[in-house]
Protein chains: 2
Amino acid sequence: MTLFDRPPVGMNLARTSKVVAQAFDAAMVEAGGTLPVWVTLLSVKSKELANQRELAGMIGIQGATLTHHLNGMEAQGLLTRRRDPENRRVHQVALTEAGEALFEKLRLAAVAFDKRLRAGIPDDRLAEFAEVLAALRANVAPAE
Amino acid sequence: MTLFDRPPVGMNLARTSKVVAQAFDAAMVEAGGTLPVWVTLLSVKSKELANQRELAGMIGIQGATLTHHLNGMEAQGLLTRRRDPENRRVHQVALTEAGEALFEKLRLAAVAFDKRLRAGIPDDRLAEFAEVLAALRANVAPAE
DNA sequence: ATCTAATCGTTAGATATCTAACTTTGTCTT
DNA sequence: AAGACAAAGTTAGATATCTAACGATTAGAT
């Protein structure tokens, strides 16, 4: 019995993403954080940059999940939240000194990890790889 | 301030895998299942005599997670577990008729999804893509 | 034969994530 | 100005996953 005509792309993608994410999390733990803490720090930090929208999309977590992590990190003293006086719906999130320090540590670890991840793969292959990833996302986008 | 020299490969991979997995889960729900139910059925089906540890390894989940899904699916009448008389530590997992029927339905939906996912991407591009995925896995493998 | 190891699976407890509903606040329409 | 709509964030409840500890069973060593 043959289950599939060919090896499904999605399965391969999911398996790879999982092992890579687990390895990344291990690297973050070694640097004193976790993957979600890194993602949250990055998202907070990127609000200070111009391309906030783009990075927020890249990170891809829901608001409720962000709230969850912000709660934990606020309790750990990594950041503070306060209402924006200009628009009281908005929470202004700012990193404490400890938060900034952890961010920098994790950022370096993330850069090192990405270097390890890309090792031996030429830039043009990586560029094509990114194009295929974008095509896959487009193919499953809701408004087709 | 520049956070990264270049867009990190891992972030792109994770984001893509996430949206693709969500779309796949939606397709499975439409066909009467879920993503984890599908992978569990698939692994049971592709090796009827496997023990639970082997099944979990195929799917890429831990034994405890598999127990969780098998519990749910057994309660739904999709499969049965019984002790192997030869080695009473082992649980033999078998699909019921309902399990077989659901498997076939989900299999068709999975094939259709994969067709949609790969739409417009030439086979040689997909082959290169799979090679890069394999290289990424190798680069984070523990025993480098 | 009995004590020790390993194996298989489950249970318990923790974390991460999602969706849906709700609260608060601001904006827009008429 | 009032009521409806939109936006930002939180809360509640659900599912999926992990690790660690455990119980049952088997295999191996002496």
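First the proteins, then the strands, lettered A, B, ... as listed; each starts at 1.
For C/dT24, the base has no donor-acceptor partner in the side chain of A/R89 [N/O atoms by modelled type, under 3.5 angstrom].
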Steps toward side chain to side chain contact (heavy atoms under 4.5 Å, CB included) verdict (B/F113, A/V140)
CA-CA 9 Å; B/F113 179 87; A/V140 301; 3.8 Å; yes
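A salt bridge links B/E104 with B/R107: at least one charged nitrogen is closer than 4.0 Å to a carboxylate oxygen.
Shown here, D/dA6 is classed anti by the O4'-C1'-N9-C4 or O4'-C1'-N1-C2 angle, which is more than 90° from 0.
Candidate nucleotides D/dA8, D/dT10, C/dC18 were compared by shortest atom distance to the side chain of B/K18, and C/dC18 ranks first. Listed candidates were D/dT19, D/dG9, C/dA16. Nearest to the side chain of A/P36 is C/dA16.
Across all strands shown, C/dT7 forms a Watson-Crick or G-U wobble pair, both distances under 3.5 Å, with D/dA24.
Nucleic acid contact for A/H68: base, since at least one base atom lies under 4.0 Å from a heavy atom of the residue. Using a 4.0 Å heavy-atom distance criterion, A/R81 is classed as a sugar-phosphate-only contact.
Checking A/R82 against A/H91 by side-chain atom types alone, no donor-acceptor pair falls below 3.5 Å.
Nucleotide D/dT10 holds its P atom 13 Å from the CZ atom of A/R88, rounded to whole Å. Taking atom NE2 of residue A/H69 and atom C1' of nucleotide C/dT15, one finds them 8 Å apart after rounding to whole Å.
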